[in-house]
A.B. asks: 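Just dropping this structure here.
The chains referred to below are lettered A, B, ... by the order of the sequence lines, with proteins before strands, and numbering in each begins at 1. Everything numeric in this text was worked out from a predicted model, so none of it was measured.
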Amino acid sequence: MDFDNLINGLDRATLDGITRGSIYALVALGYTMVYGVMKLINFAHSEVFMVGTWTVLGVYTVIGATSSSGLGMVIGATLLALLAAMLASAGTALAVERIAYRPLRKKGAPALIFLITGIGCSMVLVEVFGQVLRFFFGPPFGRVTVNIPAVLETKTVFTIPGVDLAVSNTRILIIVGAIVMMLALDAFVNKSRLGRGVRAVAQDPDTASLMGVNQERVIMLVFVLGGAMAGVAALLYTVQYDITKFDIGFIIGLKAFTAAVLGGIGNLRGALVGGLFLGIVEVYASAIWDSSWTNVYAFVVLVVVLMFRPTGILGESLGKARA
Amino acid sequence: MSQILDAYRGLRLGDRWDGAPTVVRWAVMLLVIAFAFYLPYLNILPFAYIRTDLTSSGSDWASVLFLVVVYMIVAVGLNVVIGLAGLLDLGYVGFYALGAYSIALFGSTNSPVVQAMQSKFGLSEEWAVPFAVCIPIAITMSLIAGVFLGAPTLRLRGDYLAIVTLGFGEIIRITARNLDNVTNGAAGITQVPVPPGPEIDGRAFFNTIDAERWYWLALTILILIIWLARRLEHSRVGRAWLAIREDEDAASVMGVAGFKFKLWAFAIGATLGGLAGLLFGSKQQYVEPNAFMVNLSFLFVAMVVIGGSGNIFGALLGAFLLTYLPERFREFVDWRPFAFGVALVLVMILRPQGLVPSRRRAREFEDRRHEAEEAAADA
């Protein structure tokens with residue numbers, strides 16, 4: 001128990017927690033939307049995120065962006081990487097839906113089977129980067145951690161006076177980027193015609209299809225949207241941590257799912273609240289106790305929340321007007 | 001005679017089995033069991049091609065058989081949880097690890113727990129908890145863990161259970177890795193005790209060389225467990241599980257206490273997982289946290305589901321395939337997880353009911369498929 005450690009570094013820990021939490025929240029969106037519409041945990045979503053990080057690396061390599069590139073190159077490379085990661089992740093999510101879930105839906109298989117094919121897809125995607133691509137192309141693919149060039153150099157933009165906390169440009173990008181994307185998605189689901197369809201199917205699939213909502217298209221849409229958000233998360237993750245690995249998805253996916261449940265699964269704003277909450281709790285707990293237990297804290301929080309408030313902090317409500 | 005044969009023709013294997021005279025059934029069962037016990041010495045071509053030690057880099061055949069049987073015990077246990085009660089447990093490796101760690105913590109002179117007991121009670125340095133006492137300890141530990149994990153989570157929706165159990169499996173592993181002064185941390189515990197037995201050729205009866213003895217021990221336990229599980233499945237408890245799996249609300253209206261029976265299934269599954277882990281740890285004579293990665297949980301679930309959930313023999317087949325095939329084709333070790341993932345997706349899409357589903361389960365799947373088709377036709 002080292003509360004002094006936490007109190008002395010409270011400002012920094014909070015910033016760390018919010019950074020981490022923003023990424024969890026973006027990944028959590030994919031889980032929460034798919035769950036809201038299909039009542040299904042998409043186990044392959046963590047790998048959708050992983051594909052995004054590799055895409056970022058690919059874009060940087062192809063256009064030759066490095067940590068010493070000029071300003072124009074930095075902006076161009078980052079935007080291009082963002083776009084590519086969103087496309088790749090959305091494409092992966094859609095492919096998973098087509099290959100692993102749609103045939104089962106046609107057969108009316110029980111929920112358990114969907115989870116199994118999801119786990120299968122997740123393993124295939126992990127192994128594609130850990131083994132298959134390595135076999136054909138060699139490094140950087142394989143079972144090792146790969147460095148991604150820090151195209152956006154970390155620089156202190158301003159210092160919060162009083163607490164003397166240095167805020168860097170990467171942190172601003174991550175936190176602002178995550179919040180902007182979430183607001184955009186929230187507006188899309190709540191305001192647009194397609195978003196109304198999503199909410200309708202989440203609320204009552206049968207009635208929605210009687211009202212002329214194409215259920216298959218809504219399902220495709222949520223996979224694409226969730227995948228694109230995971231792509232954004234992937235870019236932000238690489239900006240902060242500058243690495244990727246064939247299996248980085250697993251832990252982040254688990255945390256993101258925890259965040260989704262914490263906030264109330266199916267609830268978009270819940271994903272944001274849950275993600276930030278989880279990120280901050282993790283960093284605080286690691287400061288008080290020991291950082292080798294970080295993953296345990298996350299699960300303890302999850303179990304406690306499920307015991308006392310199984311619907312999460314904000315409640316489950318993709319279908320409700322509140323979503 | 002031909003009339004009898006005609007009557008049999010066209011019936012499925014299961015019906016034929018049910019219709020066979022008791023004597024025949026017993027004879028066939030005894031033959032299968034005898035063959036299973038003979039397997040380590042199987043050397044007649046062409047059957048010997050199933051052995052895994054044909055090339056010099058192959059793994060020891062009896063050890064592979066042992067692992068297959070241990071995983072079969074796991075599959076029978078997990079089948080109670082997933083196949084019968086319909087609860088998705090993704091943290092089964094946690095119970096398996098608990099079983100292995102219980103025997104290591106209490107039975108090994110290398111374990112900090114035993115060393116603490118030695119110094120506290122002034123015992124000699126050779127002393128450790130006897131093997132026979134370690135078994136109930138391991139079983140009790142997994143049982144308690146099962147009840148502790150199940151009690152708060154089984155009231156939740158099924159999907160949440162999956163994620164909480166997944167977390168449980170990780171917590172057990174991280175705890176084993178981080179608690180240096182209890183579990184020796186990442187270094188693991190050596191000198192895990194083996195079952196007592198007479199010395200043969202100057203070696204303990206259960207040693208690291210004669211793996212076939214371990215195999216026979218595990219096989220005997222497996223047969224016992226299969227028998228128990230069959231009895232359980234056809235009992236009142238077993239019917240309650242099926243009712244809960246199919247429709248929990250309807251079951252509770254009919255007076256089936258959902259939570260109670262789910263907790264039972266969870267506890268029984270946990271116990272069997274712990275027992276399998278105990279066997280594994282004892283045979284290895286060494287336990288370490290990295291032997292219990294979360295992927296193992298997925299493998300266990302895949303065994304039950306690929307084989308055909310709800311059917312013990314399906315689970316056994318799944319355990320056999322998913323343990324034996326990777327060992328047989330060891331040359332492709334780097335490709336195993338990839339092939340495993342592809343197989344998982346393909347089998348489940350083409351045959352969602354599993355390779356050999358129970359008859360009841362197969363009918364349920366057929367119903368669901370019809371319903372889905374009708375719904376599609378309506379739309």
Side-chain angles (χ1 to χ4, degrees), chain A residues 35 39-41 43 96 99-128 130-132 134-135 143 206 209 215-216 250-251 254 257-258 260-261 265 290 292-296 298-300 302-304 306-308 310, chain B residues 82 86-88 90 149 152-153 155-164 166-168 170-171 173-175 177-178 245 294-295 298 301-302 305-306 309 334-350 352-354 364-365 367-376 379:
Chain A
Y35 193 91
K39 299 283 170 285
L40 161 78
I41 302 173
F43 258 97
V96 167
I99 294 167
Y101 299 139
R102 181 174 287 191
L104 292 177
R105 248 192 344 267
K106 295 254 187 295
K107 288 186 181 175
L112 180 68
I113 310 297
F114 286 83
L115 293 180
I116 300 293
T117 51
I119 291 171
C121 271
S122 159
M123 292 181 91
V124 169
L125 285 169
V126 166
E127 286 303 311
V128 162
Q131 175 64 24
V132 179
R134 183 185 173 79
F135 181 76
R143 292 174 204 278
D206 295 337
S209 72
Q215 203 181 336
E216 291 294 314
F250 178 72
I251 283 294
L254 217 51
F257 184 79
T258 307
V261 174
I265 197 155
D290 183 350
S292 57
W293 294 87
T294 309
N295 296 342
V296 174
F299 286 117
V300 170
L302 176 68
V303 171
V304 170
L306 286 181
M307 274 168 74
F308 295 104
Chain B
I82 293 182
L87 306 165
L88 184 56
L90 289 180
L149 180 65
T153 50
R155 295 183 196 277
L156 301 171
R157 262 206 321 255
D159 329 274
Y160 285 172
L161 184 70
I163 215 79
V164 172
L166 189 63
F168 165 76
E170 277 291 277
I171 287 178
R173 188 179 64 85
I174 295 174
T175 309
R177 195 191 62 199
N178 286 352
R245 182 187 74 197
V294 67
N295 288 1
F298 293 156
V301 173
V305 179
I306 281 192
S309 55
D334 288 337
W335 292 89
R336 284 194 312 202
F338 181 68
F340 178 56
V342 172
L344 213 53
V345 177
L346 280 183
V347 171
M348 285 297 103
I349 288 174
L350 298 176
Q353 69 273 42
E364 284 160 13
F365 270 85
D367 278 353
R368 281 168 168 276
R369 202 171 58 79
H370 283 309
E371 275 171 24
E373 274 169 9
E374 277 164 22

A.B. asks: Counting only heavy atoms closer than 4.5 Å, note whether B:Val347 contacts chain A via side chain, backbone, both or neither.
C.D. replies: neither
A.B. asks: Under a 4.5 Å cutoff for heavy-atom pairs, which residue among A:Gly118, A:Ala298, A:Gly108, A:Gly130 has the most contacts with chain B?
C.D. replies: A:Gly108
A.B. asks: Mind ranking B:Ala339, B:Ala162, B:Pro352 by heavy-atom pairs under 4.5 Å with chain A and telling me who comes out on top?
C.D. replies: B:Pro352
A.B. asks: So for A:Tyr101, is it side chain, backbone, both, or neither that comes closer than 4.5 Å to the heavy atoms of chain B?
C.D. replies: neither
A.B. asks: Looking at A:Val126, A:Leu254, A:Val128, A:Val132, which makes the most heavy-atom pairs under 4.5 Å with chain B?
C.D. replies: A:Val132
A.B. asks: Report the distance from atom CD1 of B:Ile82 to atom CG of B:Leu87, rounding to the nearest 0.5 Å.
C.D. replies: 8.5 Å
A.B. asks: Counting heavy-atom pairs under 4.5 Å to chain B, which of A:Ile116, A:Val300, A:Leu104 comes out on top?
C.D. replies: A:Ile116
A.B. asks: Counting heavy-atom pairs under 4.5 Å to chain B, which of A:Leu125, A:Leu112, A:Leu40 comes out on top?
C.D. replies: A:Leu112
A.B. asks: Between B:Ile306 and B:Met348, does a side-chain contact (heavy atoms from CB on, under 4.5 Å) hold up when you go through it step by step?
C.D. replies: CA-CA 7 Å; B:Ile306 281 192; B:Met348 285 297 103; 4.3 Å; yes
A.B. asks: Hey, what do you get for CD1 (A:Ile265) to NZ (A:Lys39), rounding to the nearest 0.5 Å?
C.D. replies: 9.0 Å
A.B. asks: May I ask you to say whether A:Glu127 pairs ionically with A:Arg143, meaning some side-chain N is under 4.0 Å from a carboxylate O?
C.D. replies: yes
A.B. asks: Does any heavy atom of chain B fall under 4.5 Å from the side chain of A:Lys106, the backbone, both, or neither of them?
C.D. replies: backbone
A.B. asks: Please classify the contact between B:Leu90 and chain A as side chain, backbone, both or neither, with a heavy-atom cut-off of under 4.5 Å.
C.D. replies: side chain
A.B. asks: Evaluate B:Leu161 against B:Leu88 for side-chain contact (heavy atoms from CB on, under 4.5 Å), listing each step before the verdict.
C.D. replies: CA-CA 7 Å; B:Leu161 184 70; B:Leu88 184 56; 5.8 Å; no
A.B. asks: Taking all atoms of both residues into account, what is the closest heavy-atom pair of B:Val294 and A:Phe250, and its distance?
C.D. replies: CG1-CZ, 3.5 Å
A.B. asks: Roughly how far apart are A:Gln215 CD and A:Asp206 CG, rounded to 0.5 Å?
C.D. replies: 7.5 Å
A.B. asks: Can you say whether B:Phe340 sits under 4.5 Å from chain A via the side chain, the backbone, both, or neither, judging by heavy atoms?
C.D. replies: side chain
A.B. asks: Measure across B:Ile349 and A:Ala100 and return the closest heavy-atom pair with its distance rounded to 0.1 Å.
C.D. replies: CD1-CA, 4.2 Å
A.B. asks: Quick one: which of A:Phe43, A:Trp293, A:Phe299 has the most heavy-atom pairs under 4.5 Å with chain B, could you say?
C.D. replies: A:Trp293
A.B. asks: Is it the side chain or the backbone of B:Val305 that comes within 4.5 Å of chain A heavy atoms, both, or neither?
C.D. replies: side chain
A.B. asks: With a 4.5 angstrom heavy-atom cut-off, is it the side chain or the backbone of B:Phe298 that approaches chain A, or both, or neither?
C.D. replies: side chain
A.B. asks: Please report the interatomic distance CG(A:Asn295) to CZ(B:Arg173), rounded to the nearest 0.5 Å.
C.D. replies: 8.5 Å
A.B. asks: Do you know which of B:Thr153, B:Leu166, B:Asn295 has the most heavy-atom pairs under 4.5 Å to chain A?
C.D. replies: B:Leu166
A.B. asks: Between B:Thr175 and chain A, with a heavy-atom cut-off of 4.5 Å, which part of the residue counts as in contact: side chain, backbone, both or neither?
C.D. replies: both
A.B. asks: Do you know which two heavy atoms are closest between A:Cys121 and B:Val345, and how far apart they sit?
C.D. replies: N-CG2, 3.6 Å
